[in-house]
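Note sheet for the following structure.
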2 protein chains.
Amino acid sequence: MHRTRVRVVEDALDANNTIARANREDFDRHGVAVVNLMSAPGAGKTTLLEAVLADPPSGIRVGVLEGDVQGSYDSDRIASLHVPVAQLNTDPGFGGECHLDANMVRSALPSLPLEEIDLLVIENVGNLVCPAEFRVGEDVRAMVCSVTEGEDKPLKYPLMFRSCELVVVNKLDLLPHLDVDLGRLEYNVDAVNPGVRQMLVSARSGEGVDEFRQWLAQTAAADRPQAVV
Amino acid sequence: MHRTRVRVVEDALDANNTIARANREDFDRHGVAVVNLMSAPGAGKTTLLEAVLADPPSGIRVGVLEGDVQGSYDSDRIASLHVPVAQLNTDPGFGGECHLDANMVRSALPSLPLEEIDLLVIENVGNLVCPAEFRVGEDVRAMVCSVTEGEDKPLKYPLMFRSCELVVVNKLDLLPHLDVDLGRLEYNVDAVNPGVRQMLVSARSGEGVDEFRQWLAQTAAADRPQAVV
(Lines give C-alpha, C1' and ligand atoms only; values in the text may rest on other atoms or scores of the structure.)
Protein backbone atom coordinates (compact mmCIF):
# COMPACT_ATOMS: atom_id res chain seq x y z
CA MET A 1 0.00 0.00 0.00
CA HIS A 2 1.29 3.41 -0.93
CA ARG A 3 1.60 5.64 2.10
CA THR A 4 2.81 9.19 2.47
CA ARG A 5 3.12 11.42 5.47
CA VAL A 6 1.53 14.83 5.33
CA ARG A 7 2.47 17.29 8.04
CA VAL A 8 -0.65 18.66 9.68
CA VAL A 9 -0.98 22.33 8.91
CA GLU A 10 -2.06 23.59 12.27
CA ASP A 11 -0.29 26.89 12.47
CA ALA A 12 -2.61 29.84 11.97
CA LEU A 13 -0.08 31.65 9.81
CA ASP A 14 0.37 28.56 7.64
CA ALA A 15 -3.40 28.41 7.15
CA ASN A 16 -3.43 32.10 6.35
CA ASN A 17 -0.68 31.68 3.76
CA THR A 18 -2.59 28.84 2.10
CA ILE A 19 -5.62 31.09 1.65
CA ALA A 20 -3.43 34.02 0.60
CA ARG A 21 -1.99 31.87 -2.21
CA ALA A 22 -5.52 30.96 -3.33
CA ASN A 23 -6.44 34.66 -3.37
CA ARG A 24 -3.37 35.47 -5.39
CA GLU A 25 -4.18 32.76 -7.93
CA ASP A 26 -7.64 34.28 -8.31
CA PHE A 27 -6.18 37.78 -8.73
CA ASP A 28 -3.64 36.46 -11.25
CA ARG A 29 -6.30 34.65 -13.24
CA HIS A 30 -8.13 37.96 -13.62
CA GLY A 31 -4.91 39.86 -14.40
CA VAL A 32 -5.31 42.02 -11.30
CA ALA A 33 -2.22 43.38 -9.55
CA VAL A 34 -2.71 43.80 -5.81
CA VAL A 35 -1.14 46.28 -3.40
CA ASN A 36 -1.49 45.78 0.36
CA LEU A 37 -1.38 49.35 1.76
CA MET A 38 -0.64 49.63 5.47
CA SER A 39 0.07 52.31 8.08
CA ALA A 40 -0.61 53.48 11.62
CA PRO A 41 -4.06 55.01 12.21
CA GLY A 42 -4.32 58.46 10.68
CA ALA A 43 -1.13 58.35 8.62
CA GLY A 44 -3.09 59.33 5.53
CA LYS A 45 -3.67 56.18 3.46
CA THR A 46 -7.17 57.20 2.41
CA THR A 47 -6.22 60.80 1.71
CA LEU A 48 -3.34 59.56 -0.45
CA LEU A 49 -5.69 57.26 -2.38
CA GLU A 50 -8.17 60.12 -2.82
CA ALA A 51 -5.39 62.33 -4.21
CA VAL A 52 -4.32 59.61 -6.67
CA LEU A 53 -7.79 58.46 -7.70
CA ALA A 54 -9.11 61.95 -8.35
CA ASP A 55 -6.86 61.64 -11.42
CA PRO A 56 -6.25 57.89 -11.83
CA PRO A 57 -3.15 56.55 -13.57
CA SER A 58 -3.79 56.57 -17.31
CA GLY A 59 -5.04 53.29 -18.75
CA ILE A 60 -5.22 51.54 -15.37
CA ARG A 61 -8.59 50.59 -13.89
CA VAL A 62 -8.25 50.74 -10.10
CA GLY A 63 -10.43 49.13 -7.44
CA VAL A 64 -10.16 49.49 -3.68
CA LEU A 65 -10.87 47.15 -0.78
CA GLU A 66 -11.21 49.04 2.50
CA GLY A 67 -10.42 47.31 5.80
CA ASP A 68 -11.65 48.89 9.01
CA VAL A 69 -12.67 47.70 12.45
CA GLN A 70 -16.00 49.46 12.07
CA GLY A 71 -17.81 51.79 9.73
CA SER A 72 -17.63 52.63 6.05
CA TYR A 73 -16.15 56.12 6.31
CA ASP A 74 -13.20 55.35 4.03
CA SER A 75 -15.16 53.41 1.41
CA ASP A 76 -17.69 56.26 1.28
CA ARG A 77 -14.83 58.66 0.53
CA ILE A 78 -13.44 56.40 -2.21
CA ALA A 79 -16.88 55.64 -3.72
CA SER A 80 -17.49 59.36 -4.20
CA LEU A 81 -14.63 59.26 -6.75
CA HIS A 82 -16.58 56.67 -8.77
CA VAL A 83 -14.01 53.97 -8.06
CA PRO A 84 -15.22 50.39 -7.44
CA VAL A 85 -14.83 49.82 -3.72
CA ALA A 86 -15.79 47.16 -1.16
CA GLN A 87 -15.69 47.54 2.62
CA LEU A 88 -14.49 44.85 5.04
CA ASN A 89 -15.24 45.29 8.73
CA THR A 90 -13.27 43.24 11.25
CA ASP A 91 -15.55 43.90 14.22
CA PRO A 92 -17.36 40.58 14.71
CA GLY A 93 -14.58 39.85 17.24
CA PHE A 94 -14.69 41.30 20.76
CA GLY A 95 -13.03 44.61 20.00
CA GLY A 96 -12.53 43.85 16.32
CA GLU A 97 -9.56 42.26 14.62
CA CYS A 98 -6.58 44.61 14.32
CA HIS A 99 -5.63 43.47 10.81
CA LEU A 100 -6.97 41.93 7.63
CA ASP A 101 -6.20 38.28 7.03
CA ALA A 102 -6.39 36.23 3.84
CA ASN A 103 -9.74 34.69 4.71
CA MET A 104 -11.38 38.08 5.26
CA VAL A 105 -10.10 39.23 1.88
CA ARG A 106 -11.32 35.97 0.33
CA SER A 107 -14.80 36.66 1.68
CA ALA A 108 -14.75 40.03 -0.10
CA LEU A 109 -13.79 38.64 -3.54
CA PRO A 110 -17.41 38.21 -4.73
CA SER A 111 -17.99 41.93 -3.99
CA LEU A 112 -15.13 43.02 -6.22
CA PRO A 113 -15.46 43.38 -10.00
CA LEU A 114 -12.14 41.63 -10.67
CA GLU A 115 -12.81 41.31 -14.39
CA GLU A 116 -13.20 45.08 -14.65
CA ILE A 117 -10.06 46.25 -12.83
CA ASP A 118 -6.32 46.03 -13.39
CA LEU A 119 -5.16 47.05 -9.94
CA LEU A 120 -6.65 46.41 -6.51
CA VAL A 121 -5.46 48.49 -3.57
CA ILE A 122 -6.25 46.84 -0.23
CA GLU A 123 -6.26 49.47 2.49
CA ASN A 124 -5.50 47.53 5.65
CA VAL A 125 -6.59 48.34 9.22
CA GLY A 126 -4.48 51.15 10.71
CA ASN A 127 -1.88 49.29 12.78
CA LEU A 128 1.91 49.00 12.59
CA VAL A 129 2.14 45.47 14.01
CA CYS A 130 -0.16 42.62 12.99
CA PRO A 131 -1.07 43.59 9.40
CA ALA A 132 2.57 42.89 8.51
CA GLU A 133 2.19 39.30 9.77
CA PHE A 134 -0.71 38.34 7.50
CA ARG A 135 -0.34 38.05 3.74
CA VAL A 136 -3.68 38.50 1.99
CA GLY A 137 -2.73 37.57 -1.58
CA GLU A 138 -0.97 40.79 -2.52
CA ASP A 139 1.79 41.18 -5.12
CA VAL A 140 3.48 44.04 -3.29
CA ARG A 141 3.28 45.80 0.03
CA ALA A 142 3.47 49.52 0.60
CA MET A 143 3.18 51.50 3.78
CA VAL A 144 2.49 55.11 4.62
CA CYS A 145 4.47 56.66 7.46
CA SER A 146 3.52 60.15 8.56
CA VAL A 147 6.34 62.49 9.62
CA THR A 148 4.17 63.45 12.61
CA GLU A 149 4.75 59.97 14.08
CA GLY A 150 8.42 60.72 14.77
CA GLU A 151 11.73 59.37 13.53
CA ASP A 152 11.79 56.28 15.73
CA LYS A 153 8.90 54.27 14.30
CA PRO A 154 11.00 52.05 11.95
CA LEU A 155 13.08 50.99 14.96
CA LYS A 156 10.03 50.31 17.14
CA TYR A 157 7.93 48.51 14.49
CA PRO A 158 10.63 46.92 12.32
CA LEU A 159 8.63 44.04 10.80
CA MET A 160 6.18 46.46 9.18
CA PHE A 161 8.91 48.57 7.62
CA ARG A 162 10.91 45.48 6.68
CA SER A 163 8.04 43.71 4.93
CA CYS A 164 7.23 46.54 2.50
CA GLU A 165 8.55 47.20 -0.99
CA LEU A 166 7.72 50.91 -0.69
CA VAL A 167 7.63 53.37 2.21
CA VAL A 168 5.63 56.54 1.51
CA VAL A 169 6.67 59.27 3.95
CA ASN A 170 3.56 61.44 4.14
CA LYS A 171 2.45 64.82 5.58
CA LEU A 172 5.63 66.47 4.36
CA ASP A 173 3.81 69.82 4.51
CA LEU A 174 3.83 69.60 8.32
CA LEU A 175 7.59 69.18 8.60
CA PRO A 176 8.32 72.89 9.27
CA HIS A 177 6.02 72.70 12.30
CA LEU A 178 7.55 69.56 13.87
CA ASP A 179 10.68 68.71 15.86
CA VAL A 180 11.25 65.79 13.50
CA ASP A 181 14.49 65.16 11.63
CA LEU A 182 13.47 63.86 8.17
CA GLY A 183 16.99 62.65 7.43
CA ARG A 184 16.98 60.62 10.62
CA LEU A 185 13.61 59.08 9.71
CA GLU A 186 14.87 58.12 6.24
CA TYR A 187 18.05 56.72 7.81
CA ASN A 188 16.01 54.59 10.24
CA VAL A 189 13.79 53.26 7.44
CA ASP A 190 16.89 52.25 5.51
CA ALA A 191 18.45 50.73 8.63
CA VAL A 192 15.63 48.19 9.04
CA ASN A 193 15.02 47.66 5.30
CA PRO A 194 18.22 48.50 3.43
CA GLY A 195 17.66 49.98 -0.01
CA VAL A 196 13.86 50.03 0.23
CA ARG A 197 12.30 52.65 -2.02
CA GLN A 198 11.16 55.74 -0.11
CA MET A 199 8.87 58.45 -1.45
CA LEU A 200 8.39 61.88 0.11
CA VAL A 201 4.76 62.93 -0.22
CA SER A 202 2.17 65.38 0.99
CA ALA A 203 -1.22 63.94 0.10
CA ARG A 204 -2.68 67.25 1.27
CA SER A 205 -0.58 69.60 -0.88
CA GLY A 206 -0.16 67.11 -3.73
CA GLU A 207 3.63 67.09 -3.49
CA GLY A 208 4.99 63.71 -4.56
CA VAL A 209 1.55 62.25 -5.30
CA ASP A 210 2.37 61.80 -8.98
CA GLU A 211 5.36 59.65 -8.09
CA PHE A 212 3.05 57.34 -6.13
CA ARG A 213 0.57 57.36 -9.06
CA GLN A 214 3.36 56.25 -11.40
CA TRP A 215 4.44 53.56 -8.96
CA LEU A 216 0.88 52.19 -8.92
CA ALA A 217 0.79 52.23 -12.75
CA GLN A 218 4.12 50.38 -12.95
CA THR A 219 2.93 47.85 -10.38
CA ALA A 220 -0.20 47.19 -12.44
CA ALA A 221 1.78 46.95 -15.70
CA ALA A 222 4.35 44.57 -14.24
CA ASP A 223 1.60 42.15 -13.25
CA ARG A 224 -0.05 42.02 -16.68
CA PRO A 225 0.61 38.79 -18.56
CA GLN A 226 1.46 40.70 -21.75
CA ALA A 227 4.06 42.72 -19.90
CA VAL A 228 6.00 39.64 -18.93
CA VAL A 229 9.11 39.31 -21.12
CA MET B 1 -19.37 12.69 48.14
CA HIS B 2 -19.45 16.44 47.74
CA ARG B 3 -19.09 17.40 44.12
CA THR B 4 -19.12 20.78 42.45
CA ARG B 5 -18.87 21.74 38.85
CA VAL B 6 -16.25 24.29 37.90
CA ARG B 7 -16.47 25.79 34.47
CA VAL B 8 -13.18 25.36 32.66
CA VAL B 9 -11.62 28.75 32.06
CA GLU B 10 -10.38 28.29 28.57
CA ASP B 11 -10.99 31.68 27.08
CA ALA B 12 -7.81 33.66 26.61
CA LEU B 13 -9.46 36.86 27.79
CA ASP B 14 -10.77 35.12 30.91
CA ALA B 15 -7.24 33.94 31.65
CA ASN B 16 -5.95 37.42 31.05
CA ASN B 17 -8.49 38.92 33.43
CA THR B 18 -7.53 36.44 36.15
CA ILE B 19 -3.91 37.54 35.93
CA ALA B 20 -4.92 41.20 35.68
CA ARG B 21 -6.80 40.86 38.98
CA ALA B 22 -3.72 39.31 40.59
CA ASN B 23 -1.62 42.23 39.31
CA ARG B 24 -4.11 44.70 40.68
CA GLU B 25 -4.08 43.02 44.09
CA ASP B 26 -0.30 43.33 44.12
CA PHE B 27 -0.49 46.98 43.13
CA ASP B 28 -3.14 47.63 45.78
CA ARG B 29 -1.10 45.90 48.48
CA HIS B 30 1.74 48.31 47.71
CA GLY B 31 -0.59 51.31 47.52
CA VAL B 32 0.29 51.91 43.89
CA ALA B 33 -2.28 53.47 41.57
CA VAL B 34 -1.92 52.29 37.98
CA VAL B 35 -2.73 54.08 34.72
CA ASN B 36 -2.82 52.15 31.44
CA LEU B 37 -1.83 54.76 28.83
CA MET B 38 -2.69 53.89 25.24
CA SER B 39 -2.63 55.49 21.78
CA ALA B 40 -1.84 54.98 18.11
CA PRO B 41 1.87 54.94 17.21
CA GLY B 42 3.38 58.41 17.39
CA ALA B 43 0.46 60.14 19.14
CA GLY B 44 2.84 61.49 21.77
CA LYS B 45 2.48 59.31 24.88
CA THR B 46 6.19 59.42 25.71
CA THR B 47 6.52 63.13 24.97
CA LEU B 48 3.54 63.80 27.24
CA LEU B 49 5.12 61.73 30.02
CA GLU B 50 8.42 63.55 29.55
CA ALA B 51 6.64 66.90 29.84
CA VAL B 52 4.88 65.81 33.04
CA LEU B 53 7.83 64.03 34.65
CA ALA B 54 10.29 66.86 34.06
CA ASP B 55 8.28 68.47 36.88
CA PRO B 56 6.48 65.57 38.58
CA PRO B 57 3.23 66.07 40.49
CA SER B 58 4.10 67.26 43.99
CA GLY B 59 4.28 64.53 46.63
CA ILE B 60 3.63 61.71 44.14
CA ARG B 61 6.38 59.22 43.34
CA VAL B 62 5.89 58.06 39.76
CA GLY B 63 7.23 54.96 38.04
CA VAL B 64 6.83 53.97 34.40
CA LEU B 65 6.53 50.64 32.60
CA GLU B 66 7.27 50.95 28.89
CA GLY B 67 5.73 48.51 26.42
CA ASP B 68 7.21 48.28 22.95
CA VAL B 69 7.54 45.64 20.26
CA GLN B 70 11.28 46.21 20.18
CA GLY B 71 13.93 48.47 21.62
CA SER B 72 14.27 50.63 24.71
CA TYR B 73 14.00 54.07 23.10
CA ASP B 74 11.12 55.21 25.29
CA SER B 75 12.50 53.85 28.56
CA ASP B 76 15.84 55.53 27.81
CA ARG B 77 13.99 58.85 27.43
CA ILE B 78 12.11 58.35 30.71
CA ALA B 79 15.19 57.11 32.60
CA SER B 80 17.03 60.31 31.72
CA LEU B 81 14.49 62.11 33.93
CA HIS B 82 15.58 59.95 36.89
CA VAL B 83 12.23 58.20 37.05
CA PRO B 84 12.15 54.45 37.87
CA VAL B 85 11.34 52.70 34.60
CA ALA B 86 11.20 49.15 33.28
CA GLN B 87 10.97 48.11 29.63
CA LEU B 88 8.80 45.28 28.31
CA ASN B 89 9.41 44.06 24.77
CA THR B 90 6.70 42.01 23.06
CA ASP B 91 8.88 40.73 20.21
CA PRO B 92 9.42 37.07 21.11
CA GLY B 93 6.39 36.46 18.85
CA PHE B 94 6.78 36.39 15.07
CA GLY B 95 6.34 40.07 14.42
CA GLY B 96 5.88 40.95 18.07
CA GLU B 97 2.66 41.17 20.04
CA CYS B 98 0.65 44.30 19.26
CA HIS B 99 -0.40 44.92 22.87
CA LEU B 100 0.57 44.31 26.48
CA ASP B 101 -1.32 41.61 28.33
CA ALA B 102 -1.60 40.94 32.05
CA ASN B 103 0.97 38.17 32.03
CA MET B 104 3.59 40.36 30.38
CA VAL B 105 3.00 43.04 33.00
CA ARG B 106 3.17 40.37 35.72
CA SER B 107 6.58 39.32 34.44
CA ALA B 108 7.76 42.91 34.86
CA LEU B 109 6.63 43.30 38.49
CA PRO B 110 9.97 42.16 39.98
CA SER B 111 11.70 44.90 37.95
CA LEU B 112 9.53 47.64 39.44
CA PRO B 113 10.22 49.22 42.86
CA LEU B 114 6.55 49.08 43.90
CA GLU B 115 7.30 49.97 47.51
CA GLU B 116 8.96 53.20 46.39
CA ILE B 117 6.27 54.56 44.05
CA ASP B 118 2.70 55.83 44.40
CA LEU B 119 1.73 55.83 40.76
CA LEU B 120 2.69 53.52 37.90
CA VAL B 121 2.07 54.63 34.35
CA ILE B 122 2.05 51.71 31.93
CA GLU B 123 2.74 52.98 28.43
CA ASN B 124 1.18 50.38 26.15
CA VAL B 125 2.24 49.41 22.62
CA GLY B 126 1.09 52.00 20.07
CA ASN B 127 -2.12 50.50 18.66
CA LEU B 128 -5.77 51.57 18.70
CA VAL B 129 -7.26 48.05 18.65
CA CYS B 130 -5.96 45.18 20.81
CA PRO B 131 -4.56 47.05 23.84
CA ALA B 132 -8.16 47.99 24.68
CA GLU B 133 -9.07 44.29 24.84
CA PHE B 134 -6.51 43.32 27.50
CA ARG B 135 -6.71 44.58 31.09
CA VAL B 136 -3.30 44.50 32.73
CA GLY B 137 -4.27 45.33 36.34
CA GLU B 138 -4.77 49.06 35.92
CA ASP B 139 -7.10 51.26 38.00
CA VAL B 140 -7.84 53.64 35.15
CA ARG B 141 -7.29 53.86 31.42
CA ALA B 142 -6.26 56.95 29.52
CA MET B 143 -5.55 57.40 25.86
CA VAL B 144 -3.75 59.99 23.79
CA CYS B 145 -5.28 60.96 20.46
CA SER B 146 -3.31 63.27 18.21
CA VAL B 147 -5.25 65.84 16.19
CA THR B 148 -3.08 64.84 13.21
CA GLU B 149 -4.89 61.49 13.08
CA GLY B 150 -8.14 63.10 11.92
CA GLU B 151 -11.64 63.49 13.37
CA ASP B 152 -12.85 60.00 12.46
CA LYS B 153 -10.69 57.83 14.72
CA PRO B 154 -13.27 57.48 17.56
CA LEU B 155 -15.76 56.13 15.01
CA LYS B 156 -13.25 53.73 13.46
CA TYR B 157 -11.71 52.44 16.71
CA PRO B 158 -14.65 52.75 19.14
CA LEU B 159 -13.62 50.15 21.73
CA MET B 160 -10.41 52.03 22.51
CA PHE B 161 -12.17 55.36 22.99
CA ARG B 162 -15.01 53.68 24.89
CA SER B 163 -12.78 51.84 27.33
CA CYS B 164 -10.91 54.91 28.60
CA GLU B 165 -11.71 57.23 31.51
CA LEU B 166 -9.71 60.04 29.92
CA VAL B 167 -9.00 61.08 26.34
CA VAL B 168 -6.03 63.42 25.94
CA VAL B 169 -6.26 65.24 22.61
CA ASN B 170 -2.62 66.02 21.83
CA LYS B 171 -0.55 68.07 19.33
CA LEU B 172 -2.92 71.02 19.64
CA ASP B 173 -0.08 73.27 18.40
CA LEU B 174 -0.43 71.66 14.94
CA LEU B 175 -4.13 72.44 14.59
CA PRO B 176 -3.62 75.66 12.56
CA HIS B 177 -1.73 73.61 9.97
CA LEU B 178 -4.33 70.83 9.57
CA ASP B 179 -7.68 70.39 7.83
CA VAL B 180 -9.04 68.92 11.06
CA ASP B 181 -12.17 70.14 12.83
CA LEU B 182 -11.40 69.94 16.57
CA GLY B 183 -15.07 70.33 17.48
CA ARG B 184 -15.95 67.38 15.27
CA LEU B 185 -13.22 65.26 16.90
CA GLU B 186 -14.51 66.13 20.38
CA TYR B 187 -18.06 65.40 19.24
CA ASN B 188 -17.02 61.99 17.90
CA VAL B 189 -15.19 61.11 21.13
CA ASP B 190 -18.31 61.98 23.10
CA ALA B 191 -20.50 60.05 20.67
CA VAL B 192 -18.72 56.74 21.38
CA ASN B 193 -18.07 57.44 25.09
CA PRO B 194 -20.67 59.94 26.32
CA GLY B 195 -19.40 62.28 29.01
CA VAL B 196 -15.83 60.98 28.99
CA ARG B 197 -13.34 63.58 30.22
CA GLN B 198 -11.38 65.17 27.39
CA MET B 199 -8.23 67.24 27.78
CA LEU B 200 -6.74 69.49 25.10
CA VAL B 201 -2.96 69.34 25.27
CA SER B 202 0.21 70.14 23.40
CA ALA B 203 2.98 68.10 24.97
CA ARG B 204 5.37 70.04 22.77
CA SER B 205 4.33 73.58 23.75
CA GLY B 206 3.31 72.62 27.29
CA GLU B 207 -0.29 73.77 26.83
CA GLY B 208 -2.64 71.69 28.98
CA VAL B 209 0.17 69.54 30.43
CA ASP B 210 -0.51 70.78 33.94
CA GLU B 211 -4.10 69.58 33.72
CA PHE B 212 -2.81 66.09 32.90
CA ARG B 213 -0.30 66.37 35.76
CA GLN B 214 -3.12 67.18 38.18
CA TRP B 215 -5.19 64.31 36.84
CA LEU B 216 -2.31 61.92 37.54
CA ALA B 217 -1.96 63.32 41.07
CA GLN B 218 -5.68 62.92 41.71
CA THR B 219 -5.58 59.37 40.34
CA ALA B 220 -2.72 58.51 42.70
CA ALA B 221 -4.45 60.17 45.68
CA ALA B 222 -7.76 58.43 45.03
CA ASP B 223 -6.06 55.04 45.21
CA ARG B 224 -4.33 55.64 48.55
CA PRO B 225 -5.91 53.75 51.45
CA GLN B 226 -5.83 56.88 53.63
CA ALA B 227 -7.70 58.83 50.97
CA VAL B 228 -10.66 56.46 51.10
CA VAL B 229 -13.51 58.07 53.07
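Note: hydrogens, waters and symmetry copies are ignored here, and every other heavy atom, side chains too, is used. Owing to the predicted nature of the structure, the values given are computational and were not obtained by experimental measurement.
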Under 4.5 Å from any heavy atom of chain A, what part of [X] do you find: side chain, backbone, both or neither?
X: B/K153; answer: side chain
X: B/L174; answer: side chain
X: B/D74; answer: side chain
X: B/P158; answer: side chain
X: B/R204; answer: side chain

Item to complete: Compute whether any side-chain donor of one residue and acceptor of the other, for A/T148 and A/K171, lie under 3.5 angstrom apart.
Response: no

Discussion item. With rounding to the nearest 0.5 angstrom, report the CG to CG distance, B/N23 to B/N17.
Written reply: 11.0 Å

Fill in: A/N193 side chain to A/F161 backbone, donor-acceptor under 3.5 Å
yes

Practice prompt. Using atom types as modelled and distance alone, determine if a side-chain donor or acceptor of A/N36 lies under 3.5 Å from a backbone N or O of A/E138.
Written response: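 The answer is no, because no donor-acceptor pair under 3.5 Å joins these two groups.
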
Determine the option with the most heavy-atom pairs under 4.5 angstrom with chain A, choosing from [options].
options: B/E149, B/M160, B/H99, B/H177; result: B/H177
options: B/L128, B/V125, B/D179; result: B/D179
options: B/C98, B/G150, B/P41, B/A40; result: B/P41
options: B/T47, B/D173, B/D152, B/D68; result: B/D68
options: B/A43, B/G126, B/C130; result: B/G126

Discussion item. Restricting to non-hydrogen atoms, name the atom on A/V180 and the atom on A/V147 that form the minimum distance, rounded to 0.1 Å.
Written reply: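 The answer is CG2-O, 3.5 Å.
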
Worksheet item: Any ion pair linking B/E211 and B/R197 (charged N to carboxylate O, less than 4.0 Å)?
Response: yes

Worksheet item: What residue among A/E50, A/E66, A/E123 forms salt bridge (charged side-chain N to carboxylate O under 4.0 Å, His left out) with A/R77?
Response: A/E50

